[in-house]
Amino acid sequence: MRNVLLVVRVALDKADLSPADLCALGIANQRETTVLWDRYTGAPVHNAINWQDTRTDRLCRELALEFGQDLFRDKTGLPVSTYFSGPKIRWLLDEIPGLRERAEAGEVLFGTIDSWLIWNLCDRHVTDVTNASRTLLMNLHTLDWDSELLDAIGIPATMLPEIRASSEAYGEAGAPLAGVAVASALGDQHAALVGQTCFSPGDAKCTFGTGSFFVLNTGARPVTSNSGLLTTLGYKLGDQAAVYALEGSIAITGALVQWFRDNLGLIGSAPEIETLALTVEDNGGCYFVPAFAGLFAPHWRSDARGVIAGLTGYINRGHLARAVLEATAWQTREVVEAMNADYGSQLSELRVDGGMTANNLLMQTLADVLDAPVMRPIVAETVSLGAAYTAGLAVGFWPDTGSLEKNWHKAAEWLPSMDGPLRERGYRKWKKAVARAVDWLDDDE
């Protein structure tokens, strides 16, 4: 935590700001990463376990077999998966000697990164509804921890933070932000939904980073997915009713470009992949399914592993680069089709953000594959913007969401230009490649 406070001091100095210049602080964080710490000393009891960690795979299979997926889906909107925090907590309690006893005695606290930051900033043990909704422990309908789920996974309730709205004052920060209200917390993808001002049912955004996360606002009611999506919280502003969302989580997108750079050495930097991909006209029949840690939405197959299909002697580095970029577009197409089926309407446009949106070839490919306009806003850091918006709403800096919608402006737009039969043939090939990626792991692995 000392490093975080140092970063805050440096940021204030670089911006020539003092705490008196700030009206509030908002937090946006990676959601499922799990931290346990000592209630009295504040010291973590173990390294954090991040969202992509698969060490809980066996435990998740056992939980699904014993209690059934429906118990968890009906209450949380989520499948039992290594992705979420609950099994990570259980793994730590089982594997660290004496930790369960300490937790049951109230000596150990759990939090996602937002809770950890708020604890250190203002000595409060709280989380917001969006982060809580990613634990497999919060009931979507009551917006509170669910005792049946806690018992099923085996987690003492004394460990858990209080669940609060995404936009409200949790407390005042200490040095170096003494007196500044900590006034919002959202999971990163929910923050991006707010940053993109997707405040109306049917509005959708997709953030393209290490993974990619497609979120669609469904309004005041949770929509049950029958197509492999997650039903989750969109956000909750103060004492207003919670807003729900459907989410399609894709594990590996930007991380595939990094792998292409670091593990294969075929490019020297991530932006070079666009230049390399433009050396060829198409993928040459090559498809890359990046199931490095299984497949997330809409498949939820932890037994899948990566596959490169369609290799011939004709394929070169350029074709592989194309296949890497197209993997992101085809995975997004799968999620959009699931969204259309669950929500009952067709996607009319997609707002995008994240580091990968700087790749113009990828954005054009995405528009072609989705057959819908793709738009990037002027402010691309929508996660940070969403945290600022919700903090500002909490303290009255902005009066309402209508004032935020006026801030959104389009910086770039890509329109579909691919021939329909070509699009569908490519998608058919993609699905054949996915079929070859699943069922790779054996039961003894």
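- For Arg423 (side chain) and Asp368 (main-chain N/O), a donor-acceptor pair under 3.5 Å exists by modelled atom type.
- Residues passing the side-chain hydrogen bond (donor to acceptor under 3.5 Å, both in side chains) test with Thr231, sequence neighbours excluded: none.
- Under the 3.5 Å distance criterion, the side-chain polar atoms of His319 are matched with a main-chain donor or acceptor of Asn316.
- The environment of CG in Asp262 is crowded: more than 12 heavy-atom neighbours from other residues, nucleotides or ligands sit within 6.0 Å.
- Partners of Thr357 under the side-chain hydrogen bond (donor to acceptor under 3.5 Å, both in side chains) rule, at least two apart in sequence or in another chain, do not exist in this structure.
- Relative ring orientation between Trp330 and Trp430 is described as parallel, the plane-to-plane angle staying below 30° on a 0-90° scale split at 30° and 60°.
- Taking the centre of each ring, Trp145 and Phe110 stay at or above the 6.0 Å mark.
- Counting heavy atoms from C-beta outward, Met138 and Leu143 have side chains that approach closer than 4.5 Å.
- Side-chain contact between Pro377 and Gln196: present, with at least one pair of heavy atoms (C-beta onward) separated by less than 4.5 Å.
- Within the structure, the ring-ring contact (aromatic ring centres under 6.0 Å, His included) test picks out the following pairs touching residues 365-391 (sequence neighbours left out): Tyr389-Trp398.
- Scanning all heavy atoms of the two residues, the minimum distance from Leu350 to Leu347 falls at CB-CD2, 4.2 Å.
- Put simply, the side chain of Asp371 never gets that close to the backbone of Pro416: no donor and acceptor are under 3.5 Å apart.
- Applying the salt bridge (charged side-chain N to carboxylate O under 4.0 Å, His left out) test to residues at least two apart or on different chains, the pairs with a partner in residues 328-337 are Arg333-Glu337, Arg333-Glu424.
- With sequence neighbours left out, the side-chain hydrogen bond (donor to acceptor under 3.5 Å, both in side chains) criterion links Lys205 to Gln189, Thr207.
- Looking only at distances, no side-chain donor or acceptor of Arg124 sits under 3.5 Å from a matching main-chain atom of Leu121.
- With hydrogens and angles ignored, the 3.5 Å screen pairs a side-chain donor or acceptor of Gln69 with a backbone N or O of Val80.
- In this structure, Trp300 has no side-chain hydrogen bond (donor to acceptor under 3.5 Å, both in side chains) partners at least two apart in sequence or on a different chain.
- A search for salt bridge (Lys or Arg N to Asp or Glu O under 4.0 Å) contacts involving Glu381 returns nothing, not counting sequence neighbours.
- Judged as a salt bridge (charged side-chain N to carboxylate O under 4.0 Å, His left out), the pairs with a partner in residues 282-301 (not counting sequence neighbours) are, in order, Arg301-Asp303.
- Taking the six-membered ring where the residue is Trp, Tyr235 and Phe199 present perpendicular rings, their angle passing 60° and hence far from 30°.
- Each of Asn29, Thr130, Leu233 was checked for a side-chain contact (heavy atoms from CB on, under 4.5 Å) with Leu186, and the lone residue meeting it is Thr130.
- Side chains of Glu272 and Thr275: a donor-acceptor N/O pair is absent below 3.5 angstrom, by distance only.
- Arg317 CZ: 12 or fewer foreign heavy atoms inside a 6.0 Å radius.
- Residue pairs meeting the salt bridge (charged side-chain N to carboxylate O under 4.0 Å, His left out) criterion with at least one member in residues 395-406: none, sequence neighbours excluded.
- Under the 3.5 Å distance criterion, the side-chain polar atoms of Asn131 are left unmatched by any main-chain donor or acceptor of Thr127.
- Lys431 places no side-chain N or O within donor-acceptor distance of the main-chain N or O of Ala435, the cut-off being under 3.5 Å.
- For residues 260-285, the set of pairs meeting the ring-ring contact (aromatic ring centres under 6.0 Å, His included) definition, not counting sequence neighbours, is empty.
- Taking each heavy atom of Ala329 and Val369 in turn, the nearest pair found is O-CG1, 3.6 Å.
- With no hydrogens or angles considered, no side-chain donor-acceptor pair links Thr135 and Ser85 at under 3.5 Å.
- At least one donor-acceptor pair under 3.5 Å links the side chain of Lys236 to the backbone N or O of Gly238.
- The main-chain N or O of Asp128 is never found under 3.5 Å from a side-chain atom of Ser166 such that the two would form a donor-acceptor pair.
- Using modelled atom types, no side-chain atom of Asp114 and backbone atom of Ala185 make a donor-acceptor pair closer than 3.5 Å.
- Screening residues 17-36 for salt bridge (charged side-chain N to carboxylate O under 4.0 Å, His left out) gives Arg31-Asp188, Arg31-Glu247, Glu32-Arg134 as the qualifying pairs, with residues at least two apart or on separate chains.
- Sorted by first and then second residue, the side chain to side chain donor-acceptor pair (under 3.5 Å) pairs with a member in residues 167-181 read Arg164-Glu168; sequence neighbours excluded.
- The shortest distance between side-chain heavy atoms of His190 and Val194 does not fall below 4.5 Å.
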**Message:** Between Leu149 and Lys75, is the side chain to side chain contact (heavy atoms under 4.5 Å, CB included) condition met? List the steps.
**Reply:** CA-CA 9 Å; Leu149 298 177; Lys75 288 176 176 282; 3.8 Å; yes
